[in-house]
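One structure is given below, encoded as structure tokens.
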Amino acid sequence: MSKPDLQKKYNEERQKRLRPEGMDQYMDFRDPIIGSKLGRDPWVNYDFVAANCSPLKDGAAIKFVIIGGGHAGLLHAVRLLDAGFKPEDMVLVDTAGGFGGTWYWNRYPGLMCDVEGYIYMPLLEETDYVPKHKYSYGPEIRGQCERIASRYSLQGQFCTQVKHQQWDDEKRRWIVKMTQDLGPSRGLVHLTIETQFLITAAGLLCVPHVPKLAGLHELMANRKVFHSARWDWEYTGGCEAKPDMVNLKGKKVGIVGTGATAIQIVPELAKWADHLYVFQRTPSYVGPRNQRETTPEDWKRVACKQGWQYERQDNFNHFVSNDPAPENMINDGWTAADSYSIAGFVGSPSRLVTPDTIEEYITSLYQIDTARAERLRAHIANVVKDEATARKLQPWYAGWCKRPAFHDDYLPSFNRPNVTLVDTDGRGVDHFTESGIVANGKAYDLDIVVLATGFYTRGKDQSPSGQSNAPLVGRNGVEATQKWSSPEYASLFGVCSNGFPNAFFTSAAGGGISYNLTSAFDIMAGFVASTIASAHKRARDTNTLAIEPTKQVEDRYTDEVQKRALWFSVLETCTPGWFTGEAEGAFEEKTPERQAFQMRRAPWGSGILDYKRTVLEYISRGDLEGIELRD
Ligand code: NDP
């Protein structure tokens with residue numbers, strides 16, 4: 001296809017999918033009705049949590065509260081320990097019944113990470129753990145989270161939702177209200193505790209959401225319905241270790257969604273369901289994964305020297321930031337030369353995009369991307385035997401618009417006689433009924449519906465209040481959402497902000513981002529730990545110590561964020577999805593003020609490694625420049 005034709009086709013496909021309601025097309029598990037019906041924790045052992053995972057009692061005081069027990073929370077805790085703090089001084093609070101974050105909740109069949117496990121699983125070298133495969137499966141990743149927690153003696157306060165966080169400037173403490181749900185027999189426990197340092201590391205994709213469509217309640221009342229992040233093994237049969245879903249024999253199964261999650265589930269459902277209907281709104285690019293076991297020879301090569309994991313993470317980040325390193329250590333679909341365009345979502349040091357070079361920049365990124373897109377469309381046509389189905393599975397958007405996926409069994413599933421692709425040509429399913437799904441005007445009777453429809457990504461509230469789903473009220477009673485939505489907004493490294501003493505967060509706004517989020521979280525965690533530790537060394541009284549960035553330093557940093565933000569202008573050409581907040585902004589007038597507002601909230605446009613260099617340079621100067629210290 002010629003270049004103008006391709007762009008026209010991409011644009012037509014985008015137009016079909018733009019929805020003025022944006023993120024509001026979904027309802028998420030914070031909604032009490034939907035939450036109570038679909039959000040129940042299937043994995044929790046309330047007796048265990050009550051006996052072992054409730055270190056905080058009402059009225060307790062603790063030095064550090066870390067919100068989140070997944071990769072981000074664990075890395076923050078470990079970096080604080082590395083900096084000299086003690087495990088008994090910190091508690092990781094999570095709504096889950098254990099460590100793992102996203103890997104606690106997600107236990108669907110086929111669950112794995114298609115980013116190499118050697119770089120994705122945190123602290124492999126420190127815990128002496130050898131991943132079983134190049135791409136690790138879910139239980140193994142959760143196991144690594146549990147291993148880290150136990151190796152470092154970390155305390156978790158589980159089944160606990162933070163409700164409110166308020167800074168008390170006299171006490172120099174955060175007053176945090178929380179509710180712990182200890183299950184039907186014990187009920188709710190309300191706690192108010194004090195902490196000197198509050199770290200929000202709640203991750204990004206934690207709250208599942210489902211389409212806000214008519215008939216969902218009727219469907220739930222009459223058929224089995226669950227979200228991919230709350231798999232019902234009891235209903236399907238099988239378990240994580242042996243996913244033999246024998247109860248699906250004779251059943252008609254529908255799965256809504258064809259994102260990274262559905263791509264892993266579909267091949268498993270296809271093995272057991274009598275018939276599987278895959279409801280598609282937008283296809284994903286699915287490249288080959290080439291899974292393999294880790295051999296002793298592999299491991300000798302990979303873990304070849306001290307610090308190998310950090311060097312390997314950097315190596316991956318070079319490639320996905322369109323800044324290739326001389327050696328390609330990972331050597332997979334993420335790091336292939338024609339994939340460099342996916343840097344459109346994560347930033348790159350390759351150029352500084354200015355208003356007068358936007359057009360030329362976008363053209364250059366499309367040039368790289370076209371080879372990748374054509375290769376993957378040809379791959380689909382090769383694998384999927386039915387031509388019409390293959391055509392419907394071919395995506396028509398640039399590689400930076402949606403998360404690329406890699407799987408060896410997804411596409412071949414559509415060659416099975418018991419699998420039907422129901423493509424809705426960008427419209428999505430019409431609605432639900434008491435016995436199934438209506439799509440393209442046709443009713444599908446189903447016994448079970450799996451909603452692989454993704455997660456709330458905080459929509460317009462990118463503040464730490466949005467991240468922890470609880471108001472964060474700083475000095476002088478200013479709520480984070482208020483600052484984040486005003487022209488006053490600024491942060492230092494996307495991690496701390498003036499007016500919020502001793503509060504830290506892991507934010508994409510102003511932060512560095514990567515397709516390997518573990519590496520991004522670790523940079524932030526390193527900054528937080530070293531800043532707190534350096535401040536302790538300087539403080540006369542560490543007990544009353546309060547630190548926060550000055551307005552001047554955060555403004556200066558955020559000016560730099562803004563300067564680099566036009567790198568992300570390619571996202572404006574995208575089909576909707578969570579990468580773009582469902583094309584948020586497509587229906588807004590682009591005033592210079594609005595544009596500046598968005599650019600100041602962009603991630604670091606020069607890529608994750610440049611962000612890391614900037615943060616490390618700051619740390620190595622050791623002068624806490626721009627951090628106001630009160631003690
Ligand atoms: P996504 O948000 O990526 O996908 C949701 C899917 O639901 C999309 O295909 C979406 O279509 C579809 N959908 C939503 N509403 C409707 C509707 N009304 N009718 C039909 N389809 C609908 O969620 P996922 O859970 O798949 O993935 C979320 C993220 O989790 C990934 O992007 C990735 O970051 C992470 N992940 C990582 C994995 C890994 O290997 N590391 C594996 C799994 C997930 P549309 O595209 O049109 O919006």
Side-chain angles (χ1 to χ4, degrees), residues 1-14 114-116 260 282-290 314-382 394-406 512-516 564-575 577 579-580 583 602-611:
M1 202 179 269
S2 72
K3 201 178 121 217
D5 286 350
L6 186 70
Q7 304 241 319
K8 190 163 160 263
K9 169 82 174 154
Y10 280 13
N11 192 41
E12 277 166 12
E13 294 294 327
R14 172 178 193 261
D114 62 12
V115 171
E116 188 188 70
T282 311
S284 291
Y285 283 106
V286 189
R289 177 188 53 177
N290 297 324
D314 283 357
N315 188 265
F316 174 87
N317 282 332
H318 267 291
F319 287 90
V320 295
S321 312
N322 190 7
D323 173 31
E327 187 191 356
N328 184 345
M329 294 178 175
I330 316 291
N331 221 348
D332 67 5
W334 291 102
T335 61
D338 59 7
S339 289
Y340 297 171
S341 58
I342 59 175
F345 176 62
V346 290
S348 168
S350 58
R351 65 191 294 168
L352 184 69
V353 183
T354 53
D356 50 333
T357 59
I358 290 183
E359 219 162 289
E360 183 244 318
Y361 154 64
I362 294 180
T363 305
S364 70
L365 218 57
Y366 268 106
Q367 257 160 11
I368 309 174
D369 195 63
T370 302
R372 187 200 63 91
E374 280 172 358
R375 170 171 58 86
L376 289 173
R377 283 192 289 266
H379 173 65
I380 294 165
N382 275 339
Q394 288 176 330
W396 295 97
Y397 50 82
W400 55 80
C401 295
K402 281 181 184 282
R403 189 184 183 284
F406 302 91
I513 53 168
S514 167
Y515 289 103
N516 178 14
R564 289 162 172 76
L566 285 178
W567 175 269
F568 301 107
S569 51
V570 275
L571 292 172
E572 288 179 16
T573 65
C574 280
T575 188
F579 273 22
T580 58
W604 186 252
S606 299
I608 185 79
L609 291 173
D610 190 63
Y611 172 79

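Source: prediction; values computed, not measured.
The shortest side-chain heavy-atom distance between Val286 and Leu376 does not fall under the 4.5 Å cut-off. Between Glu360 and Thr363 the shortest side-chain heavy-atom distance does not fall below 4.5 Å. Residues Tyr397 and Lys402 have side chains in contact (heavy-atom distance under 4.5 Å, counting atoms from C-beta outward). Side-chain contact between Ser350 and Trp567 is present, with heavy atoms from C-beta onward closer than 4.5 Å. Considering only heavy atoms from C-beta on, Asp114 comes within 4.5 Å of Arg403 through its side chain. Between Leu566 and Pro355 the shortest side-chain heavy-atom distance falls below 4.5 Å. Side chains of Thr575 and Glu13 form no contact here, defined as non-hydrogen atoms less than 4.5 Å apart. Taking the side chain as every heavy atom from C-beta outward, Trp396 and Arg377 approach each other to under 4.5 Å.
Ring to ring, Tyr366 and Trp400 are close: their centroids are under 6.0 angstrom apart.
A salt bridge is absent between Asp5 and Lys8; no separation between the charged side-chain nitrogens and carboxylate oxygens falls under 4.0 Å.
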Are Asn322 and Ser348 close enough, and set up right, to give a side-chain hydrogen bond (donor to acceptor under 3.5 Å, both in side chains), and what steps lead you there?
CA-CA 6 Å; Asn322 190 7; Ser348 168; 4.6 Å; no
Check step by step if side chain to side chain contact (heavy atoms under 4.5 Å, CB included) holds for Tyr10 and Thr573.
CA-CA 9 Å; Tyr10 280 13; Thr573 65; over 6 Å; no
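Residue Phe319 holds its CZ atom at 9.0 Å from CE of Met329, rounded to the nearest 0.5 Å. To the nearest 0.5 Å, atoms OH (Tyr515) and CD1 (Ile342) are separated by 4.5 Å. A distance of 10.0 Å separates CG in Asp323 from CG in Asn317, rounded to the nearest 0.5 Å. The distance from the CG atom of Leu609 to the CH2 atom of Trp604 is 13.0 Å, given to the nearest 0.5 Å. Put simply, CD on Glu572 and CZ on Arg14 are 8.0 Å apart, with the number rounded to the nearest 0.5 Å. Distance check, rounded to the nearest 0.5 Å: CG of Asn516 to CD1 of Ile608 gives 9.0 Å.
Across all their heavy atoms, Ile358 and Ser569 have their closest contact at CG2-OG, 3.8 Å. Scanning all heavy atoms of the two residues, the minimum distance from Asp356 to Thr354 falls at OD1-OG1, 2.8 Å.
Both the sub-6.0 Å distance and the 45° axial angle are not jointly satisfied by Arg351 relative to the ring of Tyr361.
In this structure, Phe345 and Phe579 have parallel ring planes: the angle between them is below the 30° cut-off, well short of the 60° mark.
A donor-acceptor pair under 3.5 Å links the side-chain atoms of Ser339 to the main chain of Gly333, judged by distance alone.
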